[in-house]
Each structure stands twice: as C-alpha cells, then as structure tokens.
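Remarks on the structure that follows.
Quick note: numbers below take in every heavy atom, side chains included, and nothing from hydrogens, waters or symmetry partners. Per chain, numbering begins at 1; letters A, B, ... match sequence-line order.
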Amino acid sequence: MNKAHRKLILPGVIVFFITALVFLAPILPLADVREMSIPSRFAGPSASHWLGQDEFGRDVLARLIWGGRASLFIAVGSALAAAVIGTALGLLGGFFRGVVEVLTVRASEVILCLPLLLLALLVVAILGAGTWPLIIALTILYTPNYARVVYSATLQVRSLDYVTAQTAMGAHPMQILARTVLPNIMPPLLVQMSLVIASALVIESGLSFLGLGVVPPTPSWGLMIRAARGAMEQQPLLLIWPSLALAGTIFTFNLLCDRLQSVLDPRGITGGGAFWLRKNQRKTVENERVAEPSTDALLLVEDLSIVLGREGRDTELVRGVSFKVMPGETRAIVGESGSGKTLSGLALNGLLPDVLSINGGRALFSTREGAQVDLTRLDEDAFRSLRGREVSMVFQDAAAALNPVLRIGEQVGEAIRAHKEIDDAALDERIISLLRQVGLPDPERRVRSYPHELSGGQRQRAMIAVAVANEPRLLIADEPTTALDPTIQAQILDLFKTLMADTSGMGLIFVTHDLAVVSEIADRVTVMYAGEVVEEGPVADVFERPRHPYTAALIASVPEGDADRLIAIPGTVPTPKDLPPGCRFAPRCAHAIDACTTHSPEAEHPSLDRRTRCIRWKDVT
Amino acid sequence: MLRYIAYRCVVALFLVWVVVTSVFLLLHLIPGDPAELLLSQGSIAADPAAVEALRERMGLNEPLWQQYLDHLGGVLTGDLGASFRDGAPVIEQIATRLPRTLEVIVAAALIATSIGVPLGTYAAIHANSFADNVISFFASAALSTPVFVVGTVVILIFAQQLRILPAGGFVPFSEDPLGHIQLLLLPAGTVALSLLAVITRMSRASVLEVLQRDYVRTARAKGIVRKRILRRHVVRNALIPVLTILGLEMGTLIGGTVLVEFVFNWPGLSGYLVAAVDARDYPEVVGIVMTISILFVFLNLVIDVINAALDPRISLVRR
C-alpha cells in the first residue's frame, strides 16, 4: 500500500460513515421528522434535540439525516442508473464503432452542449417536480459522461493483443465485452461515479432549493436551506447545519474522486514547481569570488558531482567530472544517453532541474572582467547576470526550446535587452545583423516569423542567434545537431566553426553522442560513461590511439567506408541505481580482469595531455 | 488570421442552426400535445375547444415543414413568439433581462480572473508547499459549496450581521448608479467564488505544465529577469487553456445563474426561465433556451478568436 492508496482511507471512511448513517435512518433512535412543536420553535440545541428545532419545532438532527437520505438516494440512484445506461452505450459504441458509435456515444454527447442546470430545468418543466422526475432528469444528464469514459477505455482495451486473440478464436463479442473489457474499465468508472454523485448532489439540492425538486414534507437539504433562509434572522444555526452537511458531503465525494484519480494515474502528481522562481531561495550559498586567478583557462571544472534527490537518500548521476576549456578552444563531451554529458552542461549554466543538485567539486570561470567565479556556488540572481552574457547555451530541440507564441525577433531581442540598455532602432538593427550572421535567409522578414513558420535548420539557427546575441565567452551546445537531417547537420556544424573562427577567445563545449561530429569540430574530447569521465585528450590523439577500452569500442562502432562490419558494444549502460562496484565499464569490457571489478580505477596519465580511467590502458590499447 | 475568424464564424452559424432546429424538433418530439399540456392543470383535463383554439394560435395545425420555416423565420427576424401568460413578445423580456444576467457574469469573471490567475500561478510556483496546500484546500472547498449556500451565507454575514450591503434586489444603473453597484456586489461575488476556484485550479495546473517546457529553460538561459520570464513566457502560455475554461464556464453560467438570481432577487434571464418553467409557458422557455444556446455558441467563437490571437499556431493548424 503506497502513499496514494493511504490517502484514500480518509474520504473512504467518511463516505462509508455518511452512507451508513442515512441507510440506517429508519432504525436509529431519531425523533419523528414531521412531529411539530410550535411552542419550541427555533429552540437551540438541547439534550433531547442535539441540533435544535426548526421553524415548526421539528427536530433538526432527524431532518438532517432523513434529508441526507433523500438527497443521496436521488444522487446515488441517478448516478447508478446513468452508469448502467452510459456504460452500455459506451461499450457498444467503442466495440462496434461505425454507425453504432454515432447512434450511442455521439448522440448522447449532444446533451453535453447545454448547461446542466438548464437541461435539468427543461426536464422538470416537462415532467413536473418530485423525486422520480429528478432521478430521471439527472440520469439523462450524466449518461453521456459515462458513455464517453467507457467509450475511450473500450477503444484502448479493444486493441490489446489478448482481446484481438479472443476475437480471432471466435468468441462472441458480448462474451469478450463482459469478460475482458468490463473489469478493465472499472477504475475509470469509479472515478466518474464519485464525480457524478457530487455533481448530482449540487443539482438536486439546487432544484429543491428553488422548489422544483423534492416535494415537502419530505425533508431534503435543499429544502431545509430554503426554509432556513426565511428565518435566518431568528435562528442562523438552522441555515448552518444543512449547509455544512451538504457542502461537507459534496467535498468528501470530490476528494474521493481526486484521490482515486491519483491512485489510478500516478503521473498526474507533478512535483516541484519552480524553486528558481521563488523569492528568497537558496540563501545559504554565498556568491564567493575566488581570490586570485589560479589558472589561465576559461573554464576549469574539477570533481563535479551531481545527485538526484535529498541528502542521505540520493543517487549520484555524475561523479568527479573534471575538464578545462581554454579561450578559443572547442571541447567535445561525448558519450551514450545517460552518461551524464547533458547534465554536466546544464550544471555549468545553473539550469539543472529542481530535483537535481551539485554536491561536490567546483567550476572556475574567468569572467570578462578577469575575475574568477565558481559556477557551482552561484545563486539564481548571480547566475542570471552571467547567463547569455558570459555563458550561453544552445539546446538540442530548437522546436521545443523556442517559445511558440513569440516572434523570432522578440526572442532574440529580449536576450540582448536582458543585459544591455539599447533603443528600439538599434535593437532591430542588431537582431537583423545577428540573424544574418547565423545564416538565416531573408532576416528582415524572419524577425516577424513565429518558430513554427521556420524549418528545423532555420529554428536551430535562430536558437544559435539567441545564444550568441551577447557575444558570450563560453558557449555550451547540447546536441545541437541531433534532431536535424544529415545535410542540415553539416550546415549547422559549419556555422559553429565559422562562429568560432570569427569570435576571438570564445570557448565552446559541444555535447554530442556522435564521434564523427567530434572529429569534425573539436580540439579536445572528453569521453563520459555512466556519469564518469573515462578518457580525455586531444581529438586526433584520442581517435588515433584510444587509451580506454570504451573509447576504442565507440570508435570501432562508428560506420566507416572500408570497415567490413560494425562492432557493437555488448550490454547496456548501467543505471545510476545499480552501478557495478569496480570499474563501471567492466561488465561490458572484453579486457576486464578481477581487479577491474573490485576497485574503482583512478585517473591515470598515459602522456602529459591525456587522461584515462583504466588500470590496463598499457595492455589493452 | 482573418480567414480563420471567417471559418470559425461559419462553424458558429452552423451550430446556431443546429440549436434552432433541435429546439424545434424537441418541441414536436415530446410525447403529448403542447397545447393540451399547457392548458391542463394537474389531473384536470383541458377543455377540448380551448385546446383547439390554442393549437390554432400556436400554429400547430400547419404542416410540419411550414411550422419549421415559420420557426426559422421567427428566429431570423427576432420574433420568438408571445408569452403564453401575458401575451407580451418574449423577445422584449429577454432584451431587458439578458443584460442584467450578463452583467453579473462579466463582473464575476473579472473578479475571478484577476484573483484566480495570480493565485494559481503562485500555487504552481510554490507547488507542494504549505501555501499551495492552503490554496488548493480552499479551492476545493469553494468548488464543493453549492452557489445558493454561498449566497445565503453571504447574505447572513454581510446583510444581516454586518449590515454593510443590501440583501438583494435591483435598481437600474441609470436611476441610482451607486445603489446598482452595491446590489451587484453580492451576487457577482457569489458567482465569482466558484469561478475563482475553477480558475485557480486551472491556472495552477497550466502553469505547472508550462514550467516544465524547454522554452522556459531557454528564457532562463538568456539571463532575463524573473518577472519577465514569468509574464512573457510562463503566464502568457499558461493563460491559453485557462481562457478556454473561463469561456466554457461563462457559457454554462448564462443558464446557471438561476440560483444566484433567485437568492438575491436579481431580475435576470435565468430567474425569468424558472418562472417560465414553473408556469409551463412554452414560448418563453423555448425563447430563453434558444437565446442562451446561441450566446453559448458565440461565446465559444469569441474565445476561439482570442486563443488564436494568443497562440499563432492555432490559426495555422485548423485553417
């Protein structure tokens, strides 16, 4: 029993209690609901009348329970009747489709086009007031709700393999419906049921309140509120009791519905919100500046670790990542999905999702002014002034990364305005020259375009224009070519190369899984596997002589013109929750020895500018 | 954009035709003679001569197609027939009362949106915090309390205990502007409460979803200040589904303010409908239902056009 299930207990128990109370009304020792006592009109609560007496001196508690009986009888009765009819319509429509669907589901949906209360009034106008007309009216009202739910659930179940199999084996459609479809649609039906009961209670009590529902002297909550309204100056309590009973019951059924839903669909519980948007968040971190420049690198990352979850019960996704980027240098970070390459890139721009955090290491960045800041210790505000101006990002999927409802010009312009006071004319000029710089055709017209009006390659160019709008010192590109066609990929890579050539001193971190792209664009490469850096060095050297079996295997798996066959790496990347105890690549490594599976290897230096995390690098490469 | 609006107008006109036709069919498909139904009192049968006279007056003796054309023509020329009770043209009553109902709904929508959107946005940003739980609880409670309970309790508090606002009634704005607004406050506030709950919940869900989107991360990566990210990127996009819901809710309210108008003695369209239903005045009921349905359709049209203005992709997709 998990948390979602436990949360069902409270509303479940209250619903059971209310139901039991009204069900047992005839045998409970309650006062007669019709027994009047004019002398004790409007009497307050007393020992014999716990909740007091109404305008005719009748016992309020008894009337409340009997009133609940009437209200719930109508609500539950019509909910059940609508469930039976609606389920039948939905099943037939969903199973047979075609004309049957039009006659059942679509026909009943016409009812949904009109306001509920209006329809109920229409039915009452035709049938007259009273308990049974109410049940008929509410049944008609709620049938389409069930028909819809059951219809869509049936469509889903119908296409499942075992249902298809039964049909193929010649089972009668009715048999299949009864045996396989019905049990499968019970859960959504239950949710619908509690929702309909709550809604029916609202409409029933409303009509009774108007005098068009339950007919006196039968007590009902709506009628009690109607009567108390005339006497609320003498005895406000008479209004309070039925109001509380009514609202409380509806609230309970709504709560039951909500919680049933979260049991059935755990995805509905989205976490988080946005810590970065909250004010006064993360006060603990001081924006420290490292006293003296300790390196001439643009960026020096040391021992960076990223964890998922709260302290104590966290999972390490990235461990001990170190690399540096010199001014004007292109650093590729390469690895399979789940290697932690994208997270490392996001961390350097303070854009990790709220559930992740940096729990170790540092990332020293030299700003334009020559100061050094540790990117792992900045709070949101300090990061804001760096983002776009000093460190910038190009994301993988430009279609999702551009705001669909804003024009391209505005999206580029706001990046500039974020860091610079600039008048409109100069801004327009700058936007157009940027778009021209990234090779977007017809930039004067494109500034007025929305993202969906551009092609995939053009969107990525616009995305790059946003990133370089303020001539950042460090550009982080997260798989910027992955979502594109091969020909467009080559164009975008060329654009990156041109940008690097034209901008002096800008560093580029290029995150990718594609080794061909690495050899094309990068000066140095960092190979990551399962959250760790396994090898690092100049691109040409690493490709010519890999010093880690994983790198070697990756290179061997790249399709090349003269290769006879591709060599795939056996096995899969381990998940962060069950990493092997020793070397993380050992289970998939052809060269693994016993020592590999017991101790996690430290970084070794085969030469001055090379690094590998393999104890057998001398033997295996 | 213009083409899209034109297209939506054609669809709306088609829907209006469907409504007008359905109402006509409803009138003739209900078992029993409407004239007889009107004249009979409980179990006492109606006088056959009177029924025949009424049938003649209602045009029920004409062929069905003739009646249908008359019905269509009546709607087109704004002639919805005469009230059975007093013989006055139904359209006149609707014309006086509809603006009063719309006034309550529009005032309620303004109150609910101006509070609900910021409240829902705050709850989303602070999801699962104490403040979020409190907001969510009150939203559920407001949704669970029927509008006539809220109205009655509000009268008890503001009119009877505190005595700061009148309990109900109506004065035309032209006669007494201040009194009119005072009288409007309680009914509009009552309708606003449940609407507020809907809008708060919807805004919260919508903002939570938008916050997960890549373009919000892009906006952060640009280094824009929080307020601008929130306004231009988060709320702007989150508003689209909220507005749709608001439109649907307002449409429902046009026929659903019955209870509020009854509680506060507000002489609007819905109250008129209840009286018509009570008296089984067919021309009135049909006229009101038709008016409300047509308004409902056009409200949806307006919402669609606003959505298209907010989200440029819409006009492209459904063109």
Side-chain angles (χ1 to χ4, degrees), chain A residues 110 113-118 121-122 124-126 198 202 205-206 209-210 212 225 228-229 232-233 236 239 243 246-247 250-251 254-255 258 270-274 276-278 349 351 384-389 392-393 395 397 400-406 414-415 418-419 450 452 463 466-467, chain B residues 22 30 124-129 132 140-141 143-149 152-153 155-156 160 208-209 211-215 217-226 228-230 232-233 236-237 251-252 254-256 258-259 262 273-274 277-278 280 285 289 292-293 296 310-313 316:
Chain A
V110 171
C113 297
L114 281 172
L116 281 186
L117 197 60
L118 193 69
L121 275 173
L122 265 184
V124 171
I126 294 163
V202 174
S205 59
F209 178 77
L210 285 176
L212 299 172
I225 296 173
R229 203 172 149 249
M232 63 187 174
E233 245 167 318
L239 174 65
S243 299
L246 183 59
I250 296 169
F251 185 78
N254 277 335
L255 195 67
D258 278 357
T270 46
W276 56 273
L277 263 175
R278 299 182 185 178
N349 216 347
L351 293 176
R384 193 195 67 71
S385 67
L386 285 188
R387 286 188 196 132
R389 193 171 57 92
S392 208
M393 262 195 107
F395 296 98
D397 182 4
L402 291 171
N403 190 332
V405 308
L406 298 182
E414 70 174 0
H419 302 288
Y450 290 102
H452 69 266
M463 180 78 241
V466 168
Chain B
S22 325
I30 293 168
I125 292 171
H126 298 79
N128 301 328
S129 70
D132 175 37
S140 308
L143 266 186
S144 303
T145 314
V147 70
F148 64 91
V149 174
T152 314
V153 172
I155 290 179
L156 177 69
Q160 300 208 333
L208 264 185
E209 207 210 300
L211 281 175
Q212 311 298 323
R213 295 298 178 86
D214 280 3
Y215 55 75
R217 191 175 61 185
T218 309
R220 277 176 82 193
K222 290 178 188 172
I224 320 174
V225 289
R226 280 198 199 98
R228 188 178 162 91
I229 300 182
L230 201 57
R232 290 299 283 175
H233 295 276
R236 166 89 197 259
N237 282 284
T252 313
I254 296 176
V258 179
L259 288 160
F262 178 83
L273 177 63
V274 177
V277 167
D278 222 15
R280 291 189 166 191
V285 175
V289 169
I292 291 173
S293 310
F296 196 65
L310 282 178
D311 187 344
R313 286 168 301 174
L316 187 86

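For A:A400, the parts lying near chain B are the backbone and the side chain together; criterion is any non-hydrogen pair under 4.5 Å. With a 4.5 Å cut-off on non-hydrogen atoms, B:R213 does not touch chain A at all. Within the 4.5 angstrom heavy-atom criterion, only side-chain atoms of A:Y450, from C-beta onward, approach chain B. Heavy-atom distances place the side chain of A:F395, and not its backbone, under 4.5 Å from chain B. Residue contact with chain B, scored on non-hydrogen atoms closer than 4.5 Å, is absent for A:S385. Heavy atoms closer than 4.5 Å to chain B are found in the backbone of A:L402, but not in its side chain.
In this structure, the salt bridge (charged side-chain N to carboxylate O under 4.0 Å, His left out) partners of B:R232, at least two apart in sequence or on a different chain, are A:E410. With sequence neighbours left out, A:D397 forms a salt bridge (charged side-chain N to carboxylate O under 4.0 Å, His left out) with no residue at all.
Heavy-atom minimum distance, A:R384 versus A:A418: NH1-O, 4.2 Å. Scanning all heavy atoms of the two residues, the minimum distance from B:F148 to B:L259 falls at CD2-CD1, 3.9 Å. For the residue pair A:A467 and A:M393, the shortest heavy atom distance occurs at CB-O, 3.5 Å.
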Item to check | Working for side chain to side chain donor-acceptor pair (under 3.5 Å), residues B:H233 and A:N403 | outcome: CA-CA 7 Å; B:H233 295 276; A:N403 190 332; 2.9 Å; yes

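Ranked by heavy-atom pairs under 4.5 Å with chain A, the first of B:D132, B:L156, B:T145 is B:L156. Interface summary for chain B: among A:V202, A:N349, A:L246, the most heavy-atom pairs under 4.5 angstrom belong to A:L246. Chosen from A:S392, A:A198, A:A228, A:G206, the residue pairing most often with chain B at heavy-atom distances under 4.5 Å is A:G206.
Atom CD1 of A:I225 is separated from atom OG of A:S243 by 4.0 Å, given to the nearest 0.5 angstrom.
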